[in-house]
Structures are given as C-alpha cells and as structure tokens.
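The structure appears right after this line, and notes come after that.
The sequence lines fix the lettering, A, B, ..., with proteins before strands; numbering per chain opens at 1. Atoms considered below: every heavy atom in the structure, side chains included; atoms not considered: hydrogens, waters and symmetry mates.
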4 protein chains.
Amino acid sequence: MGAARKDRRAELLGIAGRLFAERGFVATTVREIADAAGILSGSLYHHFDSKESMVDEILRGFLDRLRASYEQVLAERSDPRAALTALVTVSFESMDTDGDAIAIFQNEAAHLAQFERFGYLAEVAAELERCWLGVLERGQRDGVFRADLRVPLVYRFIRDTVWVAVRWYDPEGTLGAEEIAAQYLTILCQGIVAQR
Amino acid sequence: MGAARKDRRAELLGIAGRLFAERGFVATTVREIADAAGILSGSLYHHFDSKESMVDEILRGFLDRLRASYEQVLAERSDPRAALTALVTVSFESMDTDGDAIAIFQNEAAHLAQFERFGYLAEVAAELERCWLGVLERGQRDGVFRADLRVPLVYRFIRDTVWVAVRWYDPEGTLGAEEIAAQYLTILCQGIVAQR
Amino acid sequence: MGAARKDRRAELLGIAGRLFAERGFVATTVREIADAAGILSGSLYHHFDSKESMVDEILRGFLDRLRASYEQVLAERSDPRAALTALVTVSFESMDTDGDAIAIFQNEAAHLAQFERFGYLAEVAAELERCWLGVLERGQRDGVFRADLRVPLVYRFIRDTVWVAVRWYDPEGTLGAEEIAAQYLTILCQGIVAQR
Amino acid sequence: MGAARKDRRAELLGIAGRLFAERGFVATTVREIADAAGILSGSLYHHFDSKESMVDEILRGFLDRLRASYEQVLAERSDPRAALTALVTVSFESMDTDGDAIAIFQNEAAHLAQFERFGYLAEVAAELERCWLGVLERGQRDGVFRADLRVPLVYRFIRDTVWVAVRWYDPEGTLGAEEIAAQYLTILCQGIVAQR
DNA sequence: TATGAATGAGGATTCATTCAT
DNA sequence: TATGAATGAATCCTCATTCAT
C-alpha cells in the first residue's frame, strides 16, 4: 500500500471517526461520510469494505495505542500510586489524539461487541481492566490505598470518570489533559472534603 | 383517558424504553418495539404519534421526577455535605425505577437536543446543574470542601460518575443503590488514599 | 330504516361529500370524515360498508336527480333553443344542491369508472350526453344552430364549461345560478364579438 | 449535470407525468412510477428528492413555457381579437407537448397550492389571468367585444373550456390543435346560433 | 480512484377495515 | 350506535452496497 493511499485512508477514517463520535455509528450514513470527504458514497468502497470495517479500523488503532501506553506505564513504574497517576495521566492525554475513537468506544462498544466481528472489544477491555485492577490491588495490599473500598467498584468509578470526560474535554481548550488529570487525581486520592 | 388506556401506554413505554436503552434510539426499530409488545408495528401508532414522541414521553417523565427529588432534597437540607450526600443517594436510587430513562438520557441527549422538539433537554440539564453547583459552592465557601478544586470540574466528575454507573448498576443485584452511593461518597469525600 | 337513521346517513354523506370534493376521494381519509363528524373512524362502518360505498351513494343520488331533471326538461320542451336554455339552466341550478357531488363526478369519475362497481358512471354519462346531442342535432337540422360546427365538439365545449364552473361557483355568492346560466347562454348563442 | 443524466431525468419525469395525469398525484404510487420506468422504487430517489419534487419540476417546466408563449403573443399583437385568437391557439397547441402537465395542473393545483412549496402555482395562475383579462378588457373598451358581458365571467368560461379540453384532446387524433382552436373561436366569437 | 445509476432490504408511518366491548 | 384496540397491507423514503464506465 502506497504512502499516499495510506494517507487517504487515514484522512477518511478521521472524517468518519468524527461523525461516528458526533452522531453515533448507526445514525451516521455512509453518504454523510462521503459528503464530508467531498466524494460520492460509492467511492468510499474503494478504500473500505464496509461501514463496519471503518469503525473496526478506528477502534483497533486506538486500542492498540492505549494498550501499548498502559504496558509501558506499568513496565516503568512499580510504585502503585505513581502507576495510578501515570495511568490516569496517560488516559487523559490520549484524548488529545484519539478523542473520537474514545467517544465511539464509550458509546458503541456495548452494542458492537454483540457481533462476532467485534468480539475482541471485550477482550481488550478485560486486558485494560487487569492493568487497573493490578495497580489498585497492589496499592491496597501495600497499605497505600484504603482497605475499606471494593476494588472493582473503585475501578469502575475511575474508568467511567476518566473516559466519560471525553464528552466535555476540549483538546483546544485552556485546560490541558495534564491539568485535568492532576485535579482528578487530587479528588480521587484525597477527596473533596477539606483536610481537618 | 381511561385507566386501562393509561396502563397500556405505560406498559408500551416501558418496553420501548428498555429497547432504547439497550440498543440506542436510532438503532431500535418500531417493529422491534411492537414485536416485544406482541402487536403489529402499525398498532403502536394508535397509542403514540411517532417513535420520537415515545422517547419524549419517557425522558420528560424521568426528568420531572428527578427535578422534583432534587428540589425536595435542597428544600430539606441546608448543610452542604448533607445535601451532597442526599443528592448522590437520590440519584443512585433513581436508577432503581428509571434506569432505562437514565441510560437513554446519557446516551442520546446530546444528539436529540439538536432537534427543536428536544430543546428542553438542555434546559432541564442546566437546572439540575444549578442544584449541584449551588451545593458545591456553598460548601467551598463554608470551608467544608477543599478550596483548591475547580467547582465546575468537580461537578462534571460527580455527574459523570454517578450517571455512567447506570451502565453496570443492576437493580436486582446484591449491591443496592444506597450501598453504592455510600462507597462512592467515601471515595468522593475522603479519596482512595489511606489516611496517614 | 328509521327516519333518524336515514338523517344520520345523509348528514354523514354530506360531510364526506364536502371532503371528497375539497381534497379528492383518494386523498380524503376515513379518519378525516369521522373527525369532521365528531365520531371515531371505526364508527363510520356502522353506517357504511366502506369508503367506496360512500362515494357510490353520493354519486348515484346526484346522477339520479340530474337524469330526472334532464328528462323532464326534454319532455316539456320541443323547441331546440328553449331546450338548450333549460338544460343549461337546470345544470347550473343543480350546483346549488349538488355542488360537492358534481365536483366529485368531475374530478374522480374517470378514475372510478375503471372499477366494475362504478361501471354505471359511464352509462349514465352516455345517457346524459344523448340528451344534449339530441337537442343540438335537432337544432342544427332545423337551422337554429350553425351548420358549420361539429356537434360532438360543441357538446364537449358546453359540457365542460358548464360543469367546470363548479370550481368557482359559490351557491352563497351574489351571482345566482340563473344569472350565470343567462350570461353563459349569451356567450354560447351569440358569441362575445359585438354585433355589427 | 451531464446530458445523459438530464435525459434520464426528463424520461422519468415523462413517465411520472403521464401517471400523475391519468391517476392523480396522490393515487399514483412511487412504485408505479418506478415499475413503469423499469427500475426499483428506491432508485427513483437517486434522481429526485421526493414524489413532490417530481410534480414540482413538471409543473414549473410547463408554466414557464406557457408564460413565455403568452408573453410573446402579447408582445407581437396589439389587436384584441388577434391576441385572443393567438392566446387560444397557443393554449391548444401546448396540449401537444404538455398534455400531462396541463392535466395535472387542472386536477391537482387546487390541492397542491395549499402547501407552501406550491404557493407559486397561485402566483403564476394570477399572471396568466392578467394576460387574458388585459385582452378582454381592451377589446371591450375598443368595442370589439360585447359590452354586456362580465369580463371575469367570460375569462373563466374561456379558461375552463380551453384547459378542460385536455381531458379529451388527443394529440395523435385526426383533429389537430389548430382546428379545434378554430372551431372553439367560432363558438366563442360568433356563438352557436345561426346568423339571421 | 472516482462516478453515478441501480439494487434490495428495511425504515417509519398511514390507512381502510374489523371486532370485542 | 359508538368506542378503541388492533390488523395487515401499502406508502414514501433511506441506506449500505455493487458495478459498469
């Protein structure tokens, strides 16, 4: 595959991703994607097999990158609190580059995962979950994190809050990913109640 | 409108709501709703004008109830921390009765609000936001909540975490709404880091 | 059939006739008729077998009355010019009582006549045509009407102009049927060109 | 738009126009049009937005042509009688090329004009009316046409008779448009009564 | 690579009609 | 007589996809 062709694919995926994120996968028509790209809908099929294969490619790319980030974080950090901080930060940072894919993943994964083709979504989600659970469990064992909290519940709270932020996080805005991650970590670690 | 007729409407709305929540509004076909109700798709139009009017009725009902709950909470409690606790608890509790509506609101509101008919969604969302912001600001002013946190950010974290829980919260499960609310409030107020 | 029941039928036929005339037979829904009558659509079926049977009854009534008028006119008048005048006048006068039926006959007969049930429409139309042709031919033979005109063409001109007037003729208006008939007969007999 | 594409549109409009004229706009289904064109009903939407846009295009085309003819007639003729003759002749001639559109205009304009989209129908009708009224009034003033006739009534008689002829006029028949126009003008100008 | 005509399945909705109450 | 729930067929239209050019 030539570089030009690869670029065109990436460009089209970017356009499709934005629309999928904005309007939802089902609600986005192939024609809308083509219109946004300035070509006719039939022409999209020179690049992709189907609408499904477009989301597929978008999601796979994002999940591969995220998994790699998480693995690197864990490989470089053994301290639970440092690891947690890094996981959160890395996740928020991914919104700068993969915002649309994250939104799609958040909104559509549950529906898509029902189809065999997207079975891998559940697998990857489980892998990512293991990363977080490992850190939380290790931290609890070491006495770094409170013992009276149910780890799975804590995980879900963290996961949801982090990712759902994609709905309002603006990569161009004044609040950067790092700053938001910091504020979030403060709440998460110390709570919102003033220290006595 | 007779009681029987009202019951049938409610029954059909329940069926539609479940499907909208599970598959998304756009992805749910009128035929699927009718099939689930054991009637023909055309027969649904004896009860409702359109698929849109079904979500409309579902969302209005939920939002009316939620607004009433919030107002009652604030009317009865002046202490910020008590009010926050009550808002969180009431929200989680609403998942027992309005789980589908909440899911629909979470997943579809952004898209629906673009249509004039659903303009009220943004208005109600703003009203609800004011409830939370009021409590948080009062608490910060009184020194109950940390001063170094941005209130709008805190609000979004709370809102998102609370509502996104509808994705995994199971009204029939072993963990009741109150218990989950309590755990969540612990994290939110004290943080996950063990006390020194 | 009781008198009250007969009245109700007539009332409902009047409502249906007005709508058929205004919107067209196909475009008028049974529900619209029922709404206009203040009952539910299903209730109409206590009075009539079908929507078709409603037009049927409307058209039969009108055509019976018209045929009777024409026959009486011809029975009472042997002079071609007097007969023509009377036919035109009687036709315009029928607009006062049968305006809707006339409009329906004008607009829908061609389509309806395709169905066996409405085969009689063509027959009655042919009967009525014979009335006019008889008068015109007799008049031409007697030298009362110009010999250089094709009778069938003249007939069609007369027929069309007379009946199409139902589109703008207003029974409540200042111009009565007789007056309009008189003006029309002037044009028809003397032409619009000023006498030299 | 390529020539081939334009041709296909015109072809499809011709097919649709014939059906609209024969069966009425409402009674003609999109599927019937497609069947007559040898394609599937959905395929029509590759060429036209909707069934409405098809009539729209048909009517606009016809009215534009007719208006242009009328204007040319009036620009070239100042004599009222000559102008009247030309208007009648031109109108009958338009049946050769625009028969279906005329039939549609006659049968559906009243209903269609109720929708905003077809508001222009009333405007064009008024423009055309002005052409005829101008000629008739000028002729009456000049003493060419009888003074005892109401011009608006005369106009309606002419208009209706001319256009309603589309119901029986056959472009392929032995009687050409010019001949019919001539006969019609004889009746209209001199009347059907033999000269004394 | 792209066009544009066409497919075929399926979408929401309408509507005449039926029938138990 | 009337209700109102339901039917079932049909309607207009949409949309992912194909394919000859």
Inset, instruction - Let me know the distance between NZ of Lys51(C) and C1' of dC15(E), rounded to the nearest Å. - result: 8 Å
Inset, instruction - Taking heavy atoms of chain D and a 4.0 Å limit, find me the 5'-most and 3'-most nucleotide of DNA chain F within that range. - result: dT11(F) to dT14(F)
Legend entry - Spacing between Leu44(D) atom CG and dG8(E) atom P, to the nearest angstrom: 15 Å
Legend entry - side-chain contact (heavy atoms from CB on, under 4.5 Å) partner of Leu19(B), chosen from Ile33(B), Ile104(B), Asp100(B), Asp35(B): Ile33(B)
Legend entry - Residues Ser50(A), Arg117(A); criterion side-chain contact (heavy atoms from CB on, under 4.5 Å); working and verdict: CA-CA 13 Å; Ser50(A) 64; Arg117(A) 165 165 208 174; 4.0 Å; yes
Inset, instruction - May I ask you to decide if Thr29(C)'s main-chain N or O and Glu32(C)'s side chain share a donor-acceptor pair within less than 3.5 Å? - result: yes
Legend entry - Touch class at under 4.0 angstrom, heavy-atom based, for Ile39(D) against every strand present: sugar-phosphate
Inset, instruction - Note down the inter-axis angle between the two ends of the helix from dA2(E)-dT21(F) to dT21(E)-dA2(F), five pairs each, to the nearest 10°. - result: 10°
Inset, instruction - Return yes when atom CZ of Arg31(A) has more than 12 non-hydrogen atoms of other residues, nucleotides or ligands closer than 6.0 Å, and no otherwise. - result: no
Legend entry - Nearest-angstrom distance from the residue atom OH of Tyr45(D) to P of dG10(E): 19 Å
Legend entry - Spacing of Asp35(B) atom CG relative to dA12(E) atom P, expressed in whole Å: 11 Å
Inset, instruction - Taking Ser43(A) for its side chain and Ile39(A) for its backbone only, find out whether a donor-acceptor pair lies under 3.5 Å. - result: no
Legend entry - Donor-acceptor under 3.5 Å (His111(A) side chain, Glu22(B) main chain): yes
Inset, instruction - Could you pick out which residue, Ser43(C) or Asp49(D), lies toward the 5' side of DNA chain F when each is mapped onto its nearest nucleotide? - result: Ser43(C)
Legend entry - Ser41(C) or His47(A), whichever maps to the more 5' nucleotide of DNA chain E: His47(A)
Legend entry - Presence of salt bridge, Arg8(B) and Glu11(B), under 4.0 angstrom: yes
Legend entry - 5' priority, DNA chain F, between Glu52(D) and Gly42(A) [closest heavy atom]: Glu52(D)
Legend entry - Approximate separation, where rounding is to 0.5 Å, of Met54(D) CE and Ile15(D) CD1: 10.5 Å
Inset, instruction - Indicate, with a heavy-atom threshold strictly under 4.0 Å, whether Ser53(C) touches base, sugar-phosphate, or nothing. - result: nothing
Legend entry - Contact nearer the 5' end of DNA chain E, comparing Ser50(B) with Gly38(D): Gly38(D)
Inset, instruction - Output yes when Arg60(B) and Asp56(B) qualify as a salt bridge under the 4.0 Å nitrogen-oxygen rule, no when they do not. - result: yes
